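On a predicted model such as this, the values are computed, not experimentally measured, just so you know. Every chain is numbered from 1 and lettered A, B, ... according to where its sequence line falls, protein lines coming before strand lines.
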Amino acid sequence: MDNMSKEEYHASNLYRIRHSAAHMMAAAVLEKFPEAKIAIGPPIENGFYYDFDLPRTLTQEDLEEIEARMRELIAERVDFEYEEVSPDKARELFSDQPYKLELIDDILEQGTDEYGEKKDEEPTLSIYRSGGFIDLCRGPHVENSNRIRPKAVKLLSVAGAYWRGDADRPMLQRIYGTAWASPKELREHLKWLEEVKKRDHRKLVKQLDLLSFHEEAGPGLAYWHPRGAMMRMIIEDFWRDRHMAGGYDFVVTPHIGKSWLWETSGHLDFYKESMYSPMDVDGQDYYLKPMNCPFHILIYKTSLRSYRELPLRWAELGTVYRYEKSGVLHGLMRVRGFTQDDAHIICTPDQIESEILRVLRFSLALLRAFGFEEIQAYLATRPEKAVGDPARWEQAQESLKRAINAEGLAYEVDEGGGAFYGPKIDLHIKDALGRLWQLTTIQFDFNLPERFDMTYVGEDGLEHRPYMVHRALLGSIERFFGILVEHYGGAFPVWLCPEQARIIPIADRHIEYARQVEDQLREAGLRVSTDSSSSRMNAKIRDAQLMKIPYMLIIGDREVEAGQIALRMRSGARPGAMSVEDFVALAQAAVKDRALE
RNA sequence: GCCCAUGUAGCUCAGUCGGUAGAGCACUUUCUUGGUAAGAAAGGGGUCAUCAGUUCAAAUCUGAUCAUGGGCUCCA
C-alpha cells in the first residue's frame, strides 16, 4: 500500500497523525477509566496502539464507546503542545502513573527513550499536552487535532501485551487502532484487511481440501490430503529437478539421533527447550531431529576429504520436529513438524565467494519460478558474542555483500544481527498483498565444523577446516505452501494446481465422450477429472469455480458431435469450442510458462 | 508459556430465562438430462470439545483439561 522506508515513515505526516491518534485514544480511555494506568502508545505499521492497565477486561462495546469518544475529542481541535520538563516536574505530573515513572527513571538513568531504545543525546524529558491529557513523549505530533480526520480513525482490536515486552512483567491490555490521512484511505485499508482475511490459508486449505490439523492427534502437525499432497509433490519434484541441474547431490538421513549427536552439536546446550523430549531406546536417549545439519556432517566424516572433491553441495528435504510453544502455533506458518528444503555447502576458503553467489542466484531463480518477483535481502553480521575466527567472519560477510551487489538486490544490513555461529543473508519476498515473508536463509556456520572437527586435506597435504554454509531456500515446505496459498488466494498457477481441468458433461449421455477426453488429457500429462454427478451443469461449474480449477471443459451434444470441448476459464472467460488437441497445447503452454491460466 | 475470546452435524452457523437440539450447504435415494456460478422432493446424520461439579433437570451455570483464534514473549 505504501512503499515508504522506515525513515520516511517516521518523518511522515501520517506517522504524526497515528501517534497523536494514540494520545487521543488514551485520553478517551482515561475518561472512561480514571483509575487506568497508561503505559506506551506508539505508531506502528498501518496504525498505532496504546497499552493500558485497566480494572477490567475490555469488551467490544467498550471499544466502540472509546472510538466514538475519541472521535469527539479529535473534533474538539485541541493543540498538541510540546514542553521539556525537569525530572522533578515529570515525576510530579505522573505521580499516579507507575509505568510512566519507570520510563522517566529509565530515560534518565540509561539514556533510553520511552520505547526502551538507546539514544545518544543528553537525556531530556518531554511531555505533550493535548486538551486535558498529558503524556510523557518525545513526539512528534500534529500541531492540532484538526489534522486528524475523525472518520479516518478506527479501533481494531484488544489483545494482551506484557509491560515492556517482558514475560515476567504485568500483562497489559493493548488496543490496536488504525489511522489514515483520509477516510478514503481508511476504507482502502479496511478493504485490504478484508482481503487478507479472505486469503487466510487456514480457511483456504480447508475449502480447497488441501490439508487438515487434528486436535486429537496433536497441534501443529499437518495432514496432507490428496489435493494438498499432489501440490506438495509437484513443488518437491520441481525443487529436486532444479537442484539436480544446479549441481547438488542428495542425501537422506534419519529422523532421530542419540543424545551424543546433540551434545556434540551443542543443540542440547542451546536449543533444548525447542526440542521434543527424548525417548528411551535400550537405555539410550534418542531425540527427534530439530535440524538436519549434524546428520549431514556425519556423512561428511565417513571419509577423509580432499580439497579436490570440494565444494560439496548436499541437499535434503529433511523433516524436522521442533517444540514450539502452544501459543505461537499458527496454521502452516508455525508448526511443530515441518520439512526444510535444506542443503549444506562445504567448501574451501577460496571457493566461498563463488559458492555464495551461486546459491544466491539459484535461490532467486527458484523464488521467481513460484511467482515472487519482488525480493529484498537482509544481511546480518557478527554479534558481540560469537564463535569462530574473526577473519573468517570478515571474509564471509564480504562474500555475502558482494553476492548481493552482484545480483543488484536491494538490501539492509542488520549490524550484529547474525547468529553467534555465523553471518547470514535472508531473502524476503513480497506477496500479492504487499506483505513481506522471509523465505530463504543462507547462513554460515563456524560452530559445527569445529564441534564435529570437520576437516579436508589441502593442496599442502595438511588438514584444514572447511567452510560450511547452511541454506534453506523455501524455508519450510509447510510454511512456503501457506504463503503460496495466500499469495494466489487459492487460484494457483496451472502447473501447481492439483486438478488442472474438470470435464463437465451436460447430460449423462455425454459422459462416455467425456471419459475419452479425460483419457486423452491424462495421456498428455494433465491432471483432470470428470464430474459425472447428477447435478446440473450450472452446479458443476459452480463446484469447479469454488475449487478454483483453472479449466472447465463443457461437453454437450454440440461438442460430442464435433469432437470438441467448450472451454471455460476460472477467470470467467469463455474461449468456447476447440479441439482437444488445441486445448492440450494451450494447457501445456500454461504449465511450461508457469502461467496463471 | 502468558492475557483475552471461542469450541453445537462433514462445512458455515442459530439456539431466549437451565426443561436432554435446529437451519443452509454437503451426503444418500428418487424425480429431473440441462448450454456457462446452486433444479426439486424425501431421508440419514449430534455423548452440544473432554472430564468433573452444582441442580429434580445442564448445550446453557462453575471448575479443570484439550484445541482454535487475536496478541505478547520466543524463534541458538
Side-chain angles (χ1 to χ4, degrees), chain A residues 44 49 51 53-54 56-60 156-176 197 200 202-203 206-207 209 212-220 265-275 290-291 293 322-331 333-336 383 385-387 418-422 424 438 441 443 445 447-448 470 475-476 479 504-511 532-549 552-559 566-570 572-577:
Chain A
I44 52 173
Y49 68 79
D51 287 346
D53 196 343
L54 298 171
R56 64 171 174 84
T57 306
L58 291 172
T59 62
Q60 190 56 41
L156 297 174
S157 61
V158 190
Y162 299 115
W163 167 233
R164 313 216 91 177
D166 184 341
D168 295 326
R169 311 290 307 264
M171 178 68 74
L172 307 172
Q173 295 188 67
R174 173 170 299 177
I175 304 179
Y176 283 96
K197 229 171 157 182
D200 191 325
R202 292 166 301 183
K203 210 167 94 181
K206 210 190 255 188
Q207 279 171 12
D209 194 19
S212 56
F213 290 90
H214 296 269
E215 177 179 342
E216 319 85 285
S265 70
H267 284 95
L268 283 178
D269 285 338
F270 295 102
Y271 202 69
K272 192 170 187 197
E273 66 284 1
S274 293
M275 292 169 68
M291 294 182 190
C293 7
R322 297 181 183 175
Y323 174 74
E324 300 283 0
K325 287 178 180 174
S326 59
V328 307
L329 299 173
H330 181 87
M333 302 303 186
R334 193 84 177 265
V335 288
R336 284 186 173 160
K385 243 186 94 185
V387 300
F420 74 87
Y421 52 83
K424 62 171 178 176
Q438 189 203 311
T441 183
Q443 199 148 358
D445 195 326
N447 185 41
L448 291 180
H470 169 107
S476 118
R479 183 165 171 279
I504 298 178
I506 292 177
D508 287 353
R509 64 176 176 278
H510 307 127
I511 289 179
S532 55
S533 71
S534 67
S535 308
R536 294 186 56 193
M537 177 200 60
N538 282 349
K540 292 180 184 180
I541 289 174
R542 181 164 191 271
D543 289 344
Q545 286 286 158
L546 290 175
M547 292 306 278
K548 301 181 193 285
I549 295 163
M552 284 154 267
L553 312 185
I554 317 292
I555 287 173
D557 290 334
R558 297 203 290 267
E559 286 72 27
L567 178 61
R568 176 194 164 100
M569 319 281 278
R570 95 188 130 187
R574 286 165 55 181

Using the P atom as the reference point in each nucleotide, state the distance between B/U50 and B/U55 in Å, no decimals. 23 Å
Does a donor on one side chain and an acceptor on the other come within less than 3.5 Å for A/Arg568 and A/Gln545? yes
Between the protein and nucleotides 4-9 of chain B, are there any N/O to N/O pairs under 3.5 Å, and if so, what are the atom names and distances?
none

Would you measure the distance from the P atom in B/G39 across to the matching atom in B/C25 and give it in whole Å? 11 Å
Work out how far the P atom of B/G15 is from that of B/G71, and round it to whole angstrom. 26 Å
What's the gap between B/A14 and B/C61 when it is taken at their P atoms, as a whole Å value? 15 Å
Measuring only the C1' atom in each nucleotide, how far is B/A64 from B/A57? A whole number of Å is fine. 23 Å
Could you tell me whether the side chain of A/Arg542 reaches within less than 4.5 Å of the side chain of A/Asn538, counting heavy atoms only? no
Intra- and interstrand pairs of RNA chain B - dot-bracket, Watson-Crick/G-U under 3.5 Å, | marks other strand: (((((((..((((.....[..)))).(((((.......))))).....(((((..]....))))))))))))....
Tell me whether the OP1 or OP2 atom of B/G1 has a side-chain N or O from A/Ser326 closer than 4.0 Å. yes
Scan nucleotides 38-42 of chain B against the protein and return all N/O pairs shorter than 3.5 Å with their distances rounded to 0.1 Å.
residue : atom : partner  : partner atom : Å
B/A38   : N7   : A/Arg542 : NE           : 3.1
B/A38   : N7   : A/Arg542 : NH2          : 3.2
B/A38   : N6   : A/Arg542 : NH2          : 2.6
B/A38   : N1   : A/Arg542 : NH1          : 3.1
B/A38   : N3   : A/Arg542 : NH1          : 3.4
B/G39   : O4'  : A/Arg536 : NH1          : 3.4

Please report the distance separating the P of B/C72 from the corresponding atom of B/A38, rounded so that it comes out in whole Å. 42 Å
For B/A37, take OP1 and OP2 only and decide whether either is under 4.0 Å from a side-chain N or O of A/Arg568. yes
Can you check whether A/Arg322 reaches A/Tyr271 side chain to side chain, under 4.5 Å on heavy atoms? yes
Has A/Lys385 got a side-chain atom pairing as donor or acceptor with A/Phe420's backbone, closer than 3.5 angstrom? no
Base, sugar-phosphate alone, or nothing: which one does A/Ala544 contact when heavy atoms must sit under 4.0 Å apart? nothing
Using atom C1' of each nucleotide, how far apart are B/G45 and B/C27 to the nearest Å? 9 Å
Does any donor-acceptor pair link the side chain of A/Glu559 with the base of B/G35 at a separation under 3.5 Å? yes
Quiz question: going by heavy-atom distance under 3.5 Å, is there a donor-acceptor pair between the base of B/G71 and the side chain of A/Tyr162? no
For B/G69, does OP1 or OP2 lie under 4.0 Å from any side-chain N or O of A/Arg202? yes
If we take the P atom in both B/A42 and B/U47, what is their distance in whole Å? 25 Å
Whether A/Arg509 contacts B/G34 is assessed here as follows: a side-chain N or O lying under 4.0 Å from the phosphate OP1 or OP2. Is that the case? yes
Mapping A/Gly576 and A/Ala167 onto RNA chain B by nearest heavy atom, which one lands closer to the 5' end? A/Gly576
